[in-house]
Amino acid sequence: FLYLSLACQHLSSGSILFSSVYLLMAGGQGTRLGVSYPKGMYNVGLLSGKCLYQLQAERVLHQEKLAADMYGSSKSVTWYIMTSEHTKKATMEYFSVKQLVWCL
């Protein structure tokens with residue numbers, strides 16, 4: 001709980017020294033999962049039908065909300081997604097389509 005509290009405190013302050021950044025390493029193709037697209041787009045079979053990218057995006061948004069709830073304000077979290085040459089185009093297209101649905 002201590003680390004969560006500290007992270008939320010720094011996120012709410014917006015301090016440059018403590019800016020919040022998430023880095024998602026998403027260079028893998030889904031071939032071992034039996035799909036031809038990036039693993040992040042894979043539907044893991046949850047009842048919600050959410051893919052790995054959406055689950056991660058919701059975690060980022062939840063962190064922002066948690067900081068606001070705990071400390072009265074929150075700054076945006078910067079989220080970087082590192083892709084490979086094989087997954088970059090599909091990932092960018094996926095997020096451009098899903099952006100309106102997820103309200104990111």
Closest contact, heavy atoms only, [X] versus [Y]:
X: Tyr53; Y: Trp79; answer: O-CH2, 3.8 Å
X: Gly30; Y: Lys39; answer: CA-CG, 3.6 Å
X: Thr87; Y: Gly28; answer: CG2-O, 3.6 Å

Spacing of [X] atom [atom1] and [Y] atom [atom2] [to the nearest 0.5 Å]:
X: Thr91; Y: Met82; atom1: OG1; atom2: CE; result: 12.5 Å
X: Met92; Y: Lys89; atom1: CE; atom2: NZ; result: 10.5 Å
X: Met41; Y: Phe95; atom1: CE; atom2: CZ; result: 9.5 Å
X: Met25; Y: Tyr80; atom1: CE; atom2: OH; result: 14.0 Å
X: Asn43; Y: Lys50; atom1: CG; atom2: NZ; result: 11.5 Å
X: His86; Y: Ser36; atom1: NE2; atom2: OG; result: 14.0 Å

Go through the structure and list residues passing side-chain hydrogen bond (donor to acceptor under 3.5 Å, both in side chains) with Thr83, not counting sequence neighbours. none
Can you find a heavy atom in the side chain of Pro38 that is under 4.5 Å from one in the side chain of Tyr94? no
